[in-house]
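Take a look at the structure below.
Chain naming here is simple, since letters A, B, ... match the order of the sequence lines and numbering starts at 1 in each. It should be emphasised that the depicted structure is a prediction, and the values quoted were computed from it without experimental measurement.
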There are 2 protein chains.
Amino acid sequence: MAKVSKKELIIEHSRKSFSQKGYELTCLESVAKECGITKPAIYYHFKDKATLYKAVVCPEFTALAQKIEESTQTGNALQRLNAYIYTFGNFLISSPDFSAIFAREISNGSANLPDECTEKLSRTIKQLANILQAGVVESLFEEESPFLVQMMIVTPLISCHTAKPLRERIANFAQDDSIPLEPEFENIIESLSKKIIKGLQC
Amino acid sequence: MAKVSKKELIIEHSRKSFSQKGYELTCLESVAKECGITKPAIYYHFKDKATLYKAVVCPEFTALAQKIEESTQTGNALQRLNAYIYTFGNFLISSPDFSAIFAREISNGSANLPDECTEKLSRTIKQLANILQAGVVESLFEEESPFLVQMMIVTPLISCHTAKPLRERIANFAQDDSIPLEPEFENIIESLSKKIIKGLQC
DNA sequence: ATAATTTTACTTACCGTTCAGTAAGGAGAA
DNA sequence: TTCTCCTTACTGAACGGTAAGTAAAATTAT
């Protein structure tokens, strides 16, 4: 059978909507329609909109934190930082709705983000701080604020996804020659990782 | 007298609201109240909400594009890129509502952004592409997509402002020691500029 | 100079729609 | 018969936008 339960179906469709339209503009009646049910059916499974949102985002942040912690245990600081960046980048590839959701929360004052998710984020920041500290001890890195490094990693990668429509509109104003081509996301991860690591090195 | 006209007053208050709450959550009745007038008075001065938004954002993007073009004319590619980053950073300081507005547009598919603004953005991208190209010719920089470099500059700087509430929530989970301090924004511009330029150099 | 008219810059009162959330009931399984 | 999982039908509030009217200032006519 491998049948997806209605509850899972609601989560999947609402994740898509939260990602594309954001929390406020996500209309539960539309989500219900896409699931082939009616709105009160959603309220049978979830207390309210905020609870549904929580059910959507918490697993994502949990998975992210876990993958990052797993992949950045071994190696020297350089290898671990590289792993950190690649793991984050690959997570964005494997969870296509996550970029937009995270981006909105960042530009939002994290207004809708449950505490459980900020706790997961704090774990990844701690891990990054740990890596950077190790790098300083190993005389590989100059000292730098983990928050800034986190921003340098996270926001360009996320924006490469979310800003695609904006880039396309911008490209329309360029005449033929001056248009830079859309880079592949895998290449972006590689480029970004190289540049950040180079920028941090002593 | 130096009296601000009602129209200017509406623009100022709505800019604040668009920045803090975003386009959708900005309620024109609230804006009117803050201006000491009623909602239809806004409609006397502006056709609709979208037109008011346009009146708010266009001058900002215009000023940004102009400042960047002015400040990046002279010097070698290295100095010009440095000027690009500093000018952008300082613009964010001088226009405190701009970060949040821009961040929302990026994570939004630029859904509300008028064409006039994307045209201004395309000018800054062209300027950046020009600088990077000059750097390649001067054998200072490795070749890199202007879009990626733009993202590496713009999004961390913007997020340093918009993600402040999120950072504070994250910091609450850290126990004493592992909390990195909030860096000063001026220092962030300097750090980021150094790292990006270092990362790009041959 | 002044009376008549028009324009500016609003107000009060309202409409229509959207949307989160609820009350109550019903079909099928256990 | 009772519990699960829904449906139909609804409420209430928020909000974008409009219709109609008005007081004061500016403009024009006499």
Side-chain angles (χ1 to χ4, degrees), chain A residues 1-58 97 100-101 104-105 108-114, chain B residues 1-58 97 100-101 104-105 108-114:
Chain A
M1 285 297 239
K3 240 197 71 183
V4 181
S5 76
K6 277 276 154 67
K7 197 170 177 177
E8 275 306 315
L9 195 69
I10 294 168
I11 288 178
E12 277 169 33
H13 279 100
S14 60
R15 180 173 51 227
K16 221 145 236 141
S17 182
F18 284 136
S19 165
Q20 284 166 11
K21 308 192 202 173
Y23 182 82
E24 324 289 347
L25 257 63
T26 286
C27 165
L28 295 190
E29 199 143 11
S30 310
V31 171
K33 203 178 230 173
E34 284 162 25
C35 297
I37 55 176
T38 59
K39 186 174 53 164
I42 295 179
Y43 282 87
Y44 172 76
H45 290 287
F46 302 95
K47 186 178 151 281
D48 53 21
K49 196 180 183 180
T51 306
L52 171 58
Y53 186 69
K54 203 172 166 178
V56 164
V57 295
C58 283
D97 299 318
I101 289 172
R104 285 179 209 278
E105 288 296 346
N108 215 329
S110 69
N112 304 308
L113 203 66
Chain B
M1 284 302 237
K3 240 198 72 185
V4 181
S5 76
K6 277 276 155 66
K7 197 170 178 179
E8 275 305 315
L9 197 70
I10 293 168
I11 289 179
E12 277 168 33
H13 279 100
S14 61
R15 180 172 50 225
K16 220 142 238 145
S17 182
F18 284 136
S19 165
Q20 285 166 12
K21 309 192 201 173
Y23 182 82
E24 324 290 346
L25 257 61
T26 286
C27 165
L28 295 191
E29 200 144 8
S30 311
V31 171
K33 203 180 232 174
E34 284 163 24
C35 296
I37 55 175
T38 59
K39 185 174 52 164
I42 295 179
Y43 283 87
Y44 173 77
H45 290 287
F46 302 95
K47 187 178 152 281
D48 52 22
K49 196 181 184 180
T51 305
L52 171 58
Y53 186 69
K54 205 173 165 179
V56 165
V57 296
C58 283
D97 299 317
I101 290 173
R104 286 179 209 277
E105 289 296 346
N108 213 325
S110 68
N112 305 308
L113 204 66

A:Cys27 side chain: which of C:dC19, C:dT12, D:dG16 is closest?
C:dC19
Respond yes when some side-chain nitrogen or oxygen of A:Thr38 is under 4.0 Å from OP1 or OP2 of D:dT7, and no when none is.
yes
How long is the line joining CG of A:Asp48 and P of C:dC19, in whole Å?
17 Å
Could you state the NZ-P distance from A:Lys6 to D:dT4, rounded to the nearest angstrom?
17 Å
Separation of D:dA9 C1' from A:Tyr43 OH (nearest whole Å):
16 Å
I'd like to know if the side chain of A:Thr51 and the backbone of A:Lys47 have a donor-acceptor N/O pair within less than 3.5 Å.
no
Tell me whether the rings of B:Tyr53 and B:Phe18 are parallel (<30°), tilted (30 to 60°) or perpendicular (>60°).
perpendicular
So if I take every side-chain heavy atom of B:Ile37 and compare against C:dC10, C:dA20, C:dT12, which nucleotide ends up nearest?
C:dC10
Between D:dC5 atom C1' and A:Phe46 atom CZ, what is the distance in whole Å?
14 Å
Has the side chain of A:Lys39 got a donor or acceptor that lies under 3.5 Å from a partner of the other kind on the base of C:dG21?
yes
Please classify the nucleic acid contact of B:Ser30 as base, sugar-phosphate, or nothing, using heavy-atom distances under 4.0 Å.
nothing
Check this one for me: any side-chain N or O of A:His45 less than 4.0 Å away from OP1 or OP2 of D:dC6?
yes
A:Ile10 CD1 to D:dC5 P, straight-line distance once rounded to whole Å
11 Å
Please report, rounded to the nearest Å, how far the C1' atom of D:dC5 is from the CD1 atom of A:Ile42.
14 Å
Main-chain N/O of A:Lys33 paired with A:Lys39 side-chain donor or acceptor, under 3.5 Å
no
Using only side-chain N and O atoms of B:Tyr44, determine if any of them is under 4.0 Å from OP1 or OP2 of C:dA9.
yes
Quick one: does B:Ser19's side chain have a donor or acceptor within less than 3.5 Å of a partner on B:Arg15's backbone?
no
Using atom types as modelled and distance alone, determine if a side-chain donor or acceptor of A:Ser110 lies under 3.5 Å from a backbone N or O of A:Leu113.
no
Mind calculating the distance between CG (A:Leu25) and C1' (D:dC15) to the nearest angstrom?
13 Å
Take the protein atom CD of B:Glu29 and the nucleotide atom P of C:dT11, then report the distance between them rounded to whole Å.
12 Å
